[in-house]
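Have a look at the structure below, then the notes.
Both counts, for ligands and for their atoms, begin at 1 and track the order of listing. Heavy atoms only: backbone and side chains are in, while hydrogens, waters and symmetry mates are out. FYI, the numbering just counts along the sequence from 1.
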Amino acid sequence: MIVLGIETSCDETAAAVVEDGRKILSNVVSSQIKLHRKYGGVVPELASRKHTESIVPVTRAALSQASLSLDEIHGIAVTQGPGLVGSLLIGVSFAKSISYVKEIPLVGVNHLEGHLSAIFLEENGCAFPFVALVVSGGHTNLYRVMGHGDYQLLGQTRDDAAGEAFDKVAKFLNLGYPGGMIIDKLAKQGNPKKIKFPRAFISRDSLDFSFSGIKTSVVNYINKMDAPPTLEDKKDIVAGFQEAVVDILTIKALRAVEQTGINRLVLAGGVACNSHLRSVITEMAKKRGITVHIPPPILCTDNGAMIATVGYHRLKKGMESSLDMNVLSRWPKEKK
Ligand code: KG4
Ligand code: ZN
């Protein structure tokens, strides 16, 4: 079954063609970074307008790179939520139109299920059950994943998402946008032990996260400095900040493995591109005999291939969406 996956939940217009939920025939992502950079964050209205411009060329490129026409597509999967309403609407309306005109089955997909399913696009995938840590710009969620479409939320952030904390700290330090990638690079040149930022663990058994405290302590640290931070100061600040975030993410993920007794861990979402997180989690897990699966960076950030994978498994079960499907800015707890 060949599925076209469409993703427009935030600031990336993406389309991909995937065969049988595993084999990527094409994966096209048009980033809006340049557009939002001068504002230091995503401007929802601008994002929707840009999606409107990009959705047709991006989908055409995905089909052409896969050497397929719409007549050879068996299913269309589109991100239904969570995300920015205006952005989601562009992808969903577009997917509905081609589904209607070409009579191709349509399915709405949860963006976060997309992230945790990106691992199936890798050669060896991951066996069920596994624990998944989805760390993105909007979410920091831990899941127990029993099967395709069968997952349970174990913990989540109570305030900022991990990616949001990266972006806010970068913005405060005038480092540019998007912050995660910039901090990742700059932190390599800093001393992570120079400034120790607090780690919020909530309670020993909790699998929830909190990142607003670290962000605030970075701001307080800078405000208390005698002079504005130099580039050298900034390197140490972001290295200390990143170390704290990675510590929390790693400890909670390993705690989830311990609590569930499932010793397979999948890391997903944009923050899973972070080189320090990738190496620390891999090393810590190895010491404990836990297998870690992390998709390559291109499949960690938003893309259409992960949406196509989820869509494939849903369509295979006959779970089509109707043309009156609506977008969901927040995904309801009871909806799978
Ligand atoms: O999954 P994603 O592409 O979009 C959302 O669903 O939010 O994640 C974007 C987030 C941003 O906050 C970005 O700063 C962060 O992922 N990010 C990183 C890195 N690359 C992207 N954070 C830390 N280190 C990175 N290398
Ligand atoms: Zn995402």
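Under a 4.0 angstrom heavy-atom cut-off, H276 registers as lying outside contact with ligand 1.
No hydrogens or angles considered: a donor-acceptor pair under 3.5 Å links the side chains of S275 and K188. A donor atom on one side chain and an acceptor atom on the other are found under 3.5 Å apart for T230 and D233. Side-chain contact check for S210 and D159: at least one donor-acceptor pair (N or O, by modelled atom type) lies under 3.5 Å.
Screening L121, V18, V17, L299 for a side-chain contact (heavy atoms from CB on, under 4.5 Å) with N27, the sole residue that qualifies is L299. Considering R278, H276, E283 as possible partners of V280, the one that fulfils the side-chain contact (heavy atoms from CB on, under 4.5 Å) test is H276.
Less than 4.0 angstrom separates some heavy atom of G163 from each of these atoms of ligand 1: 12 (O). Residue C273 approaches ligand 1 through these ligand atoms, each under 4.0 Å from one of its heavy atoms: 20 (N), 26 (N). For ligand 1, the atoms closer than 4.0 angstrom to any heavy atom of G138 are 7 (O). The ligand atoms of ligand 1 that sit less than 4.0 angstrom from a heavy atom of T301 are 3 (O). Close approach to H115 involves these atoms of ligand 1, each under 4.0 Å from a residue heavy atom: 1 (O), 6 (O).
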Show, in sequence, the C-alpha distance, side-chain angles and deciding distance for E45 and R49, and conclude whether the salt bridge (Lys or Arg N to Asp or Glu O under 4.0 Å) test is met. CA-CA 6 Å; E45 178 57 29; R49 278 195 232 166; 3.4 Å; yes

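Of the protein's non-hydrogen atoms, the one nearest atom 24 (N) of ligand 1 is N274 ND2, 3.0 Å. In terms of protein heavy-atom proximity, atom 1 (O) of ligand 1 is nearest to G270 N, 3.0 Å. The protein non-hydrogen atom at the shortest distance from atom 22 (N) of ligand 1 is G180 CA, 3.3 Å.
The minimum heavy-atom distance linking A308 with A77 is given by the pair CA-CB, 4.1 Å. Between M284 and R288, the closest heavy-atom pair is O-NH1, 3.2 Å.
Scanning G137, A165, A162 for the heavy atom closest to atom 9 (C) of ligand 1 points to G137. When the heavy atoms of V135, D167, N303, D184 are ranked by distance to atom 11 (C) of ligand 1, first place goes to D167. Closest heavy-atom approach to atom 2 (P) of ligand 1 within the set D302, I183, V246: this belongs to D302.
Summarising the local packing, CZ of R199 is surrounded by more than 12 heavy atoms from other residues, nucleotides or ligands at distances under 6.0 Å.
Taken together through direct or relayed side-chain contacts under 4.5 Å among Ile, Leu, Val, Met, Phe, Trp and Tyr, V78 and L84 form parts of separate hydrophobic clusters. With hydrophobic clusters built from ILVMFWY side chains whose heavy atoms lie under 4.5 angstrom apart, V101 does not share a cluster with V3.
Residue F166 places no N or O, backbone or side chain, under 3.5 Å from any N or O of ligand 1.
Atom OD1 is the N, O or S atom of D302 at the shortest distance from the Zn ion (ligand 2).
For the Zn ion (ligand 2), the set of nearby N, O or S atoms under 2.8 Å includes one belonging to H111. Residue side and main chain included, H115 places an N/O/S atom under 2.8 Å of the Zn ion (ligand 2).
Residue H111 touches ligand 1 through its side chain alone, judged by heavy-atom distances below 4.0 Å.
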